[in-house]
2 protein chains.
Amino acid sequence: MKVKADDRLEQAREEFIAQWGAMGTQWGINRTMAQIHALLMTAAEPMSTDEVMEALEISRGNAHANLKELVAWGLLRVVVKKGERREYFEAEKDVWRIFTVVARERKRREIDPALEVVRRCAEESRGIATPEGRAFHEQMRQLEEFVEFASRMADRVAMMKHGFAIQMAAKLLG
Amino acid sequence: MKVKADDRLEQAREEFIAQWGAMGTQWGINRTMAQIHALLMTAAEPMSTDEVMEALEISRGNAHANLKELVAWGLLRVVVKKGERREYFEAEKDVWRIFTVVARERKRREIDPALEVVRRCAEESRGIATPEGRAFHEQMRQLEEFVEFASRMADRVAMMKHGFAIQMAAKLLG
DNA sequence: CATCAGTTTCAATTATTTCCGAAAATTGAG
DNA sequence: CTCAATTTTCGGAAATAATTGAAACTGATG
């Protein structure tokens with residue numbers, strides 16, 4: 001009976017890892033990175049680079065690069081076991097924290113650069129007197145205003161505590 | 001003086017198109033698609049496939065595929081000029097509408113599939129009696145709850161009118 | 001200081017995505 | 001129906017991104 005339970009778990013877990021990995025693609029996150037995250041999010045104990053390599057059948061270089069990236073994002077912590085030299089990795093498991101971390105990162109990669117572009121274009125087109133020039137400038141201005149708004153919203157959301165978000169949501173969904 | 005104004009505009013516009021296109025990459029939208037969108041968003045008049053091809057120096061196949069995709073997203077409208085056989089394309093210029101369209105599409109591509117995955121995994125791991133099984137199931141359940149929440153939020157936001165969103169924002173940013 | 005476990009880097013390979021260009025299909029006018 | 005204009009499809013070329021595998025590096029230990 002124990003064996004059967006383990007099998008079921010192993011199967012469900014593998015499916016989760018595979019699917020979450022495939023989804024990473026859609027999210028602009030590479031497959032390996034998403035898989036490692038899924039693997040560690042559902043691991044009972046921290047895992048070493050070698051364990052990750054074996055579990056996902058990936059090369060050392062790949063495992064290494066993506067583990068580091070996940071640490072940089074703040075989705076993994078490095079854990080050192082006493083008396084052991086090698087590093088172990090442990091995932092953030094709190095769903096809300098995962099969300100805020102990802103939100104921050106995406107804002108940095110998607111919103112901030114957009115804001116710069118749009119600001120520069122609004123600036124460069126200031127005061128062009130033709131009708132087309134005015135229309136272009138106005139379009140850039142509106143875009144700038146919106147992206148700035150999105151930027152601030154993203155900051156706020158990323159800073160929110162779980163409880164507050166739920167409260168917000170209640171209002172919004174009510 | 002008119003020439004100079006036109007030059008400045010042309011330059012600013014080209015920069016916008018190039019940069020917005022480059023940014024598309026980060027957004028998981030292909031470069032051509034983002035460029036076409038930028039081009040038409042800043043065009044005084046609707047443009048034909050051939051005009052788009054020429055303006056961006058891209059092939060017919062590429063122009064065609066991406067114009068169609070943008071129409072499918074709802075970011076472009078097809079316009080038929082009377083007495084003309086060929087189709088012209090016109091961009092949605094209202095920033096808030098652009099945002100809600102993109103939000104809807106991203107929800108469809110990013111959130112909905114995630115919800116399915118997580119639901120199935122939560123279901124498949126229901127009732128596994130080992131400690132690991134319980135932990136896994138609980139993790140999936142939390143993920144499911146969160147993704148469902150995100151899904152509903154996205155729906156709400158996508159449906160919001162501009163005014164209401166601003167009002168919300170005031171509360172949130174206040 | 002030689003060795004060993006482990007980490008990091010990187011050139012080469014492989015996989016994926018995007019794009020072209022030309023051919024095929026469709027459409028509307030005459 | 002025929003023809004020319006226009007749209008659509010599609011196989012493969014080109015560009016981009018991910019991954020490997022092996023070598024270089026690091027620093028702790030005897």
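Predicted, not measured: the structure shown is a model, and the values here were computed from it. Just so it is clear: chains get the letters A, B, ... in the order the sequence lines come, proteins before strands, and each one is counted from 1.
- The residues B:R126 and B:E123 are annotated as salt-bridged, a charged nitrogen and a carboxylate oxygen being separated by less than 4.0 angstrom.
- With respect to B:R108 and B:E105, a salt bridge is recorded, a charged nitrogen being found less than 4.0 Å from a carboxylate O.
- Mapping heavy-atom proximity under 4.0 Å, the span of DNA chain C touched by chain A runs 5' to 3' from C:dA5 to C:dT9.
- Annotation: of the two residues near DNA chain C, A:K68 and B:S59, the 5′-most nearest-nucleotide partner is A:K68.
- Between A:W96 and B:F146, the angle of the ring planes goes over 60°, which puts this pair in the perpendicular group of the 30/60° scheme.
- With salt bridges taken as basic N to acidic carboxylate O contacts below 4.0 Å, one links B:E138 and B:R141.
- Here A:D50 pairs with A:R60 in a salt bridge; the nearest charged N to carboxylate O distance falls below 4.0 Å.
- A salt bridge links B:R106 to A:E110: at least one charged side-chain nitrogen sits closer than 4.0 Å to a carboxylate oxygen.
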Could you go through B:R13 and B:T42, starting from their C-alpha distance and side-chain angles, then the distance that decides it, and tell me whether this counts as side-chain hydrogen bond (donor to acceptor under 3.5 Å, both in side chains)?
CA-CA 7 Å; B:R13 190 170 169 214; B:T42 56; 2.8 Å; yes
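- No continuous path of hydrophobic side-chain contacts links B:V79 to B:W73 [ILVMFWY only; heavy atoms under 4.5 Å].
- Between A:R60 atom CZ and D:dG21 atom P the separation is 12 Å, expressed in whole Å.
- Toward the 5' end of DNA chain C, the nearer of the two residues A:E87 and A:N62, judged by each one's closest nucleotide, is A:E87.
- The hydrophobic cluster containing A:Y88 does not contain A:L40, counting ILVMFWY residues as joined when their side-chain heavy atoms lie under 4.5 angstrom apart, directly or transitively.
- A salt bridge between B:E124 and A:R8 is absent, with no side-chain N of the basic residue lying under 4.0 Å from a carboxylate O of the acidic one.
- Within the structure, a side-chain polar atom (N or O) of B:H64 is placed less than 4.0 Å from OP1 or OP2 of D:dT8.
- Mapped onto DNA chain D by nearest heavy atom, B:G61 and A:E57 fall at different nucleotides, with B:G61 at the one closer to the 5' end.
- For DNA chain C, the neighbouring residues in residues 17-40 of chain B, judged by any heavy atom under 4.0 Å, are B:N30, B:R31, B:T32.
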Could you pull out the protein-nucleic contacts involving nucleotides 2-5 of chain D (nitrogen or oxygen on both sides, under 3.5 Å)?
from  : atom 1 : to    : atom 2 : distance (Å)
D:dA5 : N3     : B:R85 : NH2    : 2.8

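- The cluster map of Ile, Leu, Val, Met, Phe, Trp and Tyr, joined by side-chain heavy atoms under 4.5 Å apart, puts B:V157 and B:V95 in the same cluster.
- Atom pair A:N66:CG and D:dA18:C1' shows a separation of 9 Å (rounding to whole Å applied).
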